[in-house]
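Below is one structure, written out as structure tokens, with a few remarks after it.
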Protein chains: 4
Amino acid sequence: MAAETSKDLSMIEQSMVPELTRRGRRSRLALVEAAKRVFGSDGFLNARVLDIATEAGLSHGSFYTYFESKEEIFREVIDAVKVDMTRPVSTATAQEDPYETVLRTNEQYVAGYRRNAALMATFEEVCTFNREMAQYRASIREEYIARNSRAIRRWQALGLADASLDPRYAAIALGAMVDRFVYIWLVLGEELDEKVALETLTRLWIQGLGLKAPTGAGSAAVPASQRRAPGQKRSSRKGESDGK
Amino acid sequence: MAAETSKDLSMIEQSMVPELTRRGRRSRLALVEAAKRVFGSDGFLNARVLDIATEAGLSHGSFYTYFESKEEIFREVIDAVKVDMTRPVSTATAQEDPYETVLRTNEQYVAGYRRNAALMATFEEVCTFNREMAQYRASIREEYIARNSRAIRRWQALGLADASLDPRYAAIALGAMVDRFVYIWLVLGEELDEKVALETLTRLWIQGLGLKAPTGAGSAAVPASQRRAPGQKRSSRKGESDGK
Amino acid sequence: MAAETSKDLSMIEQSMVPELTRRGRRSRLALVEAAKRVFGSDGFLNARVLDIATEAGLSHGSFYTYFESKEEIFREVIDAVKVDMTRPVSTATAQEDPYETVLRTNEQYVAGYRRNAALMATFEEVCTFNREMAQYRASIREEYIARNSRAIRRWQALGLADASLDPRYAAIALGAMVDRFVYIWLVLGEELDEKVALETLTRLWIQGLGLKAPTGAGSAAVPASQRRAPGQKRSSRKGESDGK
Amino acid sequence: MAAETSKDLSMIEQSMVPELTRRGRRSRLALVEAAKRVFGSDGFLNARVLDIATEAGLSHGSFYTYFESKEEIFREVIDAVKVDMTRPVSTATAQEDPYETVLRTNEQYVAGYRRNAALMATFEEVCTFNREMAQYRASIREEYIARNSRAIRRWQALGLADASLDPRYAAIALGAMVDRFVYIWLVLGEELDEKVALETLTRLWIQGLGLKAPTGAGSAAVPASQRRAPGQKRSSRKGESDGK
DNA sequence: CATGAATGAGATTTCATTCAT
DNA sequence: AATGAATGAAATCTCATTCAT
């Protein structure tokens, strides 16, 4: 579900990049931006250092002036994604009712995910075979879980939420629901209506916890025409291999 | 959530492997079994054809007598996984109440996932970069979605479930929840108690849809001692690269 | 000075090369022979795996079927050199007088060195920057030292040799003299007369230890015409870099 | 054996470096001193221009203001070593007897070698693959040979030395002995006692030529405890590769 | 003079797949 | 059928040297 601050991987990086000239900083930045594009469209495995350098308008050897490896620049890219995803968009009013709170949070998560969908796909890719990235993602997930656990516990204490639910387990499950739903939608290309998607997720979340959702006025009615046959439509990804 | 039959990828294979001597069939089978072990412990990228052949007690080159590529044998392995996951364990009594129905289905899904956790991890890995596998998984997902959509629509028609929910969207979301939760648990190694996990998933599912769950008698209380700090513990996977 | 048996590096190798077909053995042998030629003419640093494979009539990837690295095949080449250098040419009659003994030994050493001069040069090259090779050479040297120390001690015990000399120090020094003299001669290309060279080395050795050398009948007289200005003439080495 | 003056390589350099400001001269000197340290500890191949510049407190690019290449600065370093090795330490009394003369010379050689052992190791390294350096070393060796040949011829003329020896061959051999002995000792790390080492070398030299050495009073007796198992111990060299 | 960014040649190594026996 | 030898594409990374500021 929601997003929050955490210790970034970038701390290490940032302390090591101080002494660069203006030109150097420009080149480094160009590499990072190029890496976002290349990783976003080719995935991690298919991305070549040469592609990134070329895309940045640099020679391939220059890459190594700024980064030690493809992994290192990927960490930096992902770190930027994380920062972007967790930027405190709306200073949510704490007084809102649970449904509104969850809805706002989901809206922000979707907005952030949408901005970074291609890179999130690549992040998932890397997490399947790279231990360090998997751990980084686990730490991000843990933040979400901790935050949501606290919210659930609070609602339980107020007698609003189902007390028989284990807050941590519920937080893991509901976080998984939102995260995976959005992945299916924005990465795998399942065509879904944003309004309906958000209302569905939020209502399931709220009702699942035993909280009260607003009566479904005109909420979730969707024209049948918007439903299509499933299947992957990752139009944003070019140059895919067939899995050598 | 639940599992069901579908057109297997294996159909193509099976029609192409008729003329095999007894010895040939034994070798082919040995390769598939070896591939399960190797893919399960090394992932797809790190698995080498040589390893599979050796594990099967065959020479390197013999592999290509039976399979055209690493992808092909992987498809066959995954197909076997799918068959195992969808085997109609309990012929569920249709009269059961929704909570029991969903609980049974989730139990079966977890049991199946547990039997194939290592290969499911590898399946996820491959789906991140291989279009064909991603589509295959999408088709499997679609079966689950279709089936669950129907169940939800039925419950809505009976006045049992929240009519304001779009059945397809809800089915996608709840399916994503179960699938991802189990992945976090059985693949990423989040240590969770099985009973609590199943009860949590089922209750969120049922209540999310506005159905009635049994009052949480002794259901979801978990000793705090069972909760641990998160983080990946995929002990079953050896030889992982760092993602070079 | 002299040569002798020792534990070869080859032991490890040989136990790992048993299961090769006739064709495989032929290829492997071709690689070793090619490596001798390439290392001999290009040195170690300038030799490329590709050159060796090509010289052996194989593709460059095939090299790695038989050897893990340039280092590994070099070890094998050097091991063959060592075996060739230490082959027990003449089972020297123990009764010979010291001068004759030393002369025979030096003759054999020179003969062996001459057969392997190009590779000895490369061996020296590698020993300057590779610890393992340096240690291997040190172990070979130690054999020579041990053997010569014993001989010197024996002669001292018989009252034939200067008792005030430390046998080990003398063995190191005299071994260094022969080894380096031959290197200057056969590797660096100092043009010297073989007969004079051997007599000079032997006489210095014998007299240095205080032993009796035969009166220099017609021994060491060399026409002045045979003496030329020094300077490197390593005609056998092509493709030398200028030390990039 | 001994050391002496010769035509330096540096002549060329010096004539090309006249127009340097005070600051320029300081930078250039800093580079040479830095190069001595870096070449001494890393060898030639492993030494990077970047390391030298950094060690000198200069930027990477500035190196090329003063030197055209790594080779060029190495030549200058080696030239300084040569000058240091051949500095006329003791104004030897010509009247001394041969043993004393040789002993003094060897003492000086050892002292010089000891001051420059790390760089002498690197010099040897470079000579194995760089023609120019090999020739430079050959020219230095030739000086030693010429000088010692003359000495031997003088002693033969005086009836002191074995007339059957060819002076040049003997000079080459005895020079090789001293040079290589000292290399084994000071570069390869063979642990030896200085006094015994010098007496052994000198006695072998003198007696080898048929000259009279002083009766070995307390000369070459060494406590057995000082003798250790051989093997390379080049503790002064860090960052050695394994010869990739 | 100094700087440090940019260049690019070059070599190693892996492994899926093909092929000759 | 089985074997295992042969192939070669591909990608990473290093570092001496050049160059623009």
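Below, read A as the first sequence line, B as the second, and so on, with proteins coming before strands; counting in each chain starts at 1. Quick caveat: nothing in here was measured; it's all calculated off a predicted structure.
- For C/I73 and E/dT12, the CD1 to C1' distance is 15 Å, given to the nearest whole Å.
- Of the possible donor and acceptor atoms, none in the side chain of A/E55 sits under 3.5 Å from a partner among the backbone N and O of A/K36.
- Rounded to a whole Å, the CG atom of B/D42 is 14 Å from the C1' atom of E/dC15.
- Base pairing in DNA chain F yields stems of at least 3 consecutive Watson-Crick or G-U pairs, both distances under 3.5 Å, namely E:2-21 with F:2-21.
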### Task
Sugar-phosphate atoms are those with a prime plus P, OP1 and OP2; base atoms are the rest. Using that split, label each nucleotide of nucleotides 4-11 of chain F B, S or - for protein heavy atoms under 4.0 Å, 5' to 3'.
BSSBBB-S

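- Rounded to an integer number of Å, the gap from D/F44 CZ to F/dC15 P is 13 Å.
- The side-chain heavy atoms of B/R75 and B/I78, taken from C-beta on, include no pair separated by under 4.5 Å.
- One can place CG of A/L50 at 12 Å from P of E/dA9, the figure rounded to the nearest angstrom.
- Taking side-chain N and O atoms only, B/Y64 has a distance below 4.0 Å to OP1 or OP2 of E/dT17.
- A/R26 places its CZ atom 16 Å from the P atom of E/dG4, with the value rounded to the nearest Å.
- Going from atom CG of A/D51 over to atom C1' of F/dT12 covers 13 Å, rounded to whole Å.
- With sequence neighbours left out, C/F63 forms a ring pair (Phe, Tyr, Trp, His ring centres under 6.0 Å) with C/F67.
- The shortest heavy-atom contact between C/D42 and C/A47 is CB-N, 4.1 Å.
- A parallel orientation is assigned to the rings of D/F39 and D/F44, their planes being inclined by less than 30° (bins at 30° and 60°).
- In this structure, CD in D/E125 is found 11.0 Å from CG in D/N130, a value given to the nearest 0.5 Å.
- Judged by distance alone, the side chains of A/T65 and A/S62 never bring a donor and an acceptor atom under 3.5 Å apart.
- Taking a cutoff of 4.0 Å between a charged side-chain nitrogen and a carboxylate oxygen, A/R28 and A/E76 qualify as a salt bridge.
- Atom CD of D/E68 and atom C1' of F/dT18 are 12 Å apart (whole Å).
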